[in-house]
Amino acid sequence: MILIIDDDAIVRSSLSLLLKRAGYETEAVASPKAALDFVRHTSPDLMLMDMNFSLTTKGEEGLELLQKVQVFCPRVPVILITAWGSISLAVRGMKTGAFDFITKPWDNRQLLKSVETALELKARRAIDNLPQTRRELDGQYDFSFIIGQSKALVDVLSTVARIADTNASVLITGESGTGKELIAEAIHKNSSRKKQRFVKVNLGGVSQSLFESEMFGHRKGAFTDAQADRTGRFELADKGTIFLDEIGELDITCQVKLLRVLQDQTFEVLGDSTPRKVDVRVVSATNADLQQMVREKTFREDLFYRINLIQIHLPALRERKEDIPLLAQFFADRLSAQNRLPAISFTPDAFELLQTLPFPGNIRELKNLIERTILVSGKSRISADDLRSQTPMQGAQGVQGVQERRGILPGSYHTDQPMTLDNLEAQTIRHAIEQHNGNLSKAARALGISRTALYRRIEKYGL
């Protein structure tokens with residue numbers, strides 16, 4: 001049963017009719033007092049709650065009511081109803097624990113989708129008997145393209161299994177090179193949308209001037225050089241999933257435009273004033289600290305809460321070292337097949353060495369190292385020395401030398417600082433930059449990370 005809390009009789013009637021037609025049982029109350037009286041003796045499955053009950057409270061009464069109903073029904077999802085101009089109020093509600101928010105006038109389809117998602121996630125949390133091992137997961141879900149069996153990875157895949165077949169927006173976080181795009185694909189492939197398109201957009205590569213054309217499309221002649229109609233990414237992803245990678249790189253002006261389409265999944269093609277609706281599952285990813293960016297006013301707080309209904313954090317490769325041999329062999333087998341090379345194997349000391357490296361570029365850097373070592377050495381059995389010769393710390397001055405000198409880096413890596421993981425990463429980055437004579441693009445490629453990720457690390461370590 002869904003409890004509707006709104007002081008507007010027309011809103012209560014409209015919502016009740018919409019939800020009943022969709023097959024839901026409803027109850028409606030007109031005031032905070034009536035809502036509290038109801039939840040004291042009955043726990044609904046979900047609540048739809050207006051944030052303004054008078055002209056003078058500016059939403060404070062709604063926030064107070066949200067806190068009180070959560071005392072009586074802590075596990076019941078609450079969807080807030082607010083005007084577009086009061087989204088900041090809804091964001092405060094999300095911080096207080098609301099599940100989602102919709103704006104007036106609402107889109108019926110979008111509202112029902114939010115209700116369905118909230119109830120699905122509530123039901124899944126109540127059951128919560130999903131597989132807990134990699135073998136069990138593989139028996140029920142398609143994770144065949146994701147390599148690893150560490151607990152850290154299995155925890156991520158269990159979360160994917162739990163939320164994949166809902167419409168909840170997902171934010172995937174983690175360092176560059178940890179496999180965020182693969183997790184986004186896993187969400188899509190294990191959902192009811194899997195037969196539709198999975199559309200990838202790298203927002204870090206979309207300029208402010210081209211954002212609307214890229215995302216929403218344009219008509220011929222809409223602007224200079226618009227020689228033909230163009231279909232935007234959201235329209236391409238209709239009924240499927242759109243993956244917004246590097247969302248932390250999005251210009252603040254474009255964030256407003258994105259928030260609009262995520263709010264009601266309605267947009268306008270450039271050169272065409274007719275609004276278009278789409279049905280799209282939104283998955284975003286970033287290696288930036290969006291919460292810090294929100295505090296610094298470089299990322300909109302309302303957009304953050306819109307994309308962050310479910311958050312999945314990917315562990316760094318150094319946090320799942322037991323997966324490194326499996327990944328190394330996978331990359332070697334794939335390279336061998338692609339280039340018609342003999343089967344490749346690794347000596348035990350090669351695997352041991354790999355598990356000691358910091359890999360600031362994570363899986364992408366591991367892949368680059370394996371492929372570079374195989375192609376340069378020309379060997380079918382790779383040793384630790386072969387790998388060491390292709391790492392920034394070479395030969396006898398490599399990782400073993402670092403360990404033997406109790407954390408003091410040799411040669412150009414020598415430092416009086418204790419060799420913490422951060423220090424080792426900083427020294428690796430500095431060496432890569434020196435090797436490539438300050439060319440950051442080449443250094444980033446050698447490290448297996450993006451230029452943006454390299455800039456962040458340069459700033460972080462003051463290089």
Atom CD of E371 with >12 non-hydrogen neighbours under 6.0 angstrom: yes
K180 (side chain) donor-acceptor with G174 (main chain) under 3.5 angstrom: yes
Inter-residue atom distance I310.CD1 - R162.CZ, 0.5 Å rounding: 9.5 Å
Sub-4.5 Å side-chain heavy-atom contact between V11 and D50: no
Expected output: side-chain T356 to main-chain L353 donor-acceptor under 3.5 Å: yes
pair M215-L244: side-chain heavy atoms closer than 4.5 Å: yes
Test: K122 cationic atom under 6.0 Å from F99 six-membered ring centre, within 45° of axis: no
Residues N362, T178; criterion side-chain hydrogen bond (donor to acceptor under 3.5 Å, both in side chains); working and verdict: CA-CA 6 Å; N362 293 289; T178 48; 5.6 Å; no
Point-to-point distance, once rounded to the nearest 0.5 Å, from CG of D323 to CD1 of I363: 8.0 Å
Donor-acceptor contact present, side-chain H218 to main-chain T231, <3.5 Å: no
Main-chain N/O of M293 paired with T298 side-chain donor or acceptor, under 3.5 Å: yes
R306 charged N/C atom sitting above F101 aromatic ring, 6.0 Å / 45°: yes
Aromatic ring pairing F304/F299, orientation class (parallel under 30°, perpendicular over 60°, tilted between): perpendicular
Verdict with reasoning, R320 to K151, per side-chain contact (heavy atoms from CB on, under 4.5 Å): CA-CA 8 Å; R320 41 179 293 214; K151 183 182 184 305; over 6 Å; no
Test item: R281 side-chain N/O and T166 main-chain N/O as donor-acceptor pair under 3.5 Å: yes
Minimum heavy-atom distance F198-K200, with the two atoms named: CE2-CG, 3.4 Å
Side chain proximity check, N308 to M94, heavy atoms < 4.5 angstrom: no
F234 vs L258 side-chain heavy atoms within contact, under 4.5 Å: yes
Spatial distance of atom CH2 (W106) from atom CG (L15) [nearest 0.5 Å]: 4.0 Å
Donor-acceptor pair, side chain of D7 and main chain of A30, under 3.5 angstrom: no
Greater than 12 external heavy atoms within 6.0 Å of Q291's CD: no
E235 (side chain) donor-acceptor with V278 (main chain) under 3.5 angstrom: no
Between R260 and Q263: side-chain donor-acceptor atoms closer than 3.5 Å: no
Criterion side-chain hydrogen bond (donor to acceptor under 3.5 Å, both in side chains) against D279, the qualifying member of R193, R109, Q110, K239: R193
Lys/Arg N to Asp/Glu carboxylate O, K277 vs D107, below 4.0 Å: yes
Side chains of K113 and Q265 in contact at under 4.5 Å (non-hydrogen atoms): yes
Side-chain touch D251/V206, heavy atoms, less than 4.5 angstrom: no
N/O donor-acceptor pair under 3.5 Å between E319 side chain and L314 backbone: no
Rounded distance [0.5 Å steps], CD in E365 versus OG in S176: 10.0 Å
Heavy-atom donor-acceptor pair, S114 side chain to L111 backbone, under 3.5 Å: no
M51 side chain reached by R92 side chain, heavy atoms, under 4.5 Å: no
Interatomic distance, R233 atom CZ to S213 atom OG [nearest 0.5 angstrom]: 10.5 Å
Close side-chain approach of L153 and F143, heavy atoms under 4.5 Å: no
L19 and L112: CA distance, side-chain angles, deciding distance, side-chain contact (heavy atoms from CB on, under 4.5 Å) verdict: CA-CA 8 Å; L19 292 168; L112 290 174; 3.9 Å; yes
Closest heavy-atom pair and its distance - E268, S273: OE2-O, 3.5 Å
Minimal non-hydrogen separation, E249 against G204, with atom names: CB-CA, 3.6 Å
Exercise: identify the closest heavy-atom pair between V39 and P44: CG1-CD, 4.4 Å
Test item: D165 side-chain N/O and S192 main-chain N/O as donor-acceptor pair under 3.5 Å: yes
Within 6.0 angstrom of K257 NZ, more than 12 heavy atoms from elsewhere: yes
side-chain contact (heavy atoms from CB on, under 4.5 Å) between Y305 and K95, intermediate numbers included: CA-CA 9 Å; Y305 281 101; K95 287 181 176 179; 2.9 Å; yes
side-chain contact (heavy atoms from CB on, under 4.5 Å) evaluation trace for I187 with T241: CA-CA 9 Å; I187 292 170; T241 302; 5.9 Å; no
Heavy atoms of other groups near R197 CZ, more than 12 under 6.0 Å: no
Heavy-atom pair of closest approach, residues T286 and G248: OG1-N, 3.8 Å
Rounded distance [0.5 Å steps], CD1 in I324 versus CD in Q355: 5.5 Å
Minimum heavy-atom distance I81-K104, with the two atoms named: CG2-CE, 3.4 Å
Salt bridge (Lys or Arg N to Asp or Glu O under 4.0 Å) against D138, all qualifying residues, sequence neighbours excluded: R134
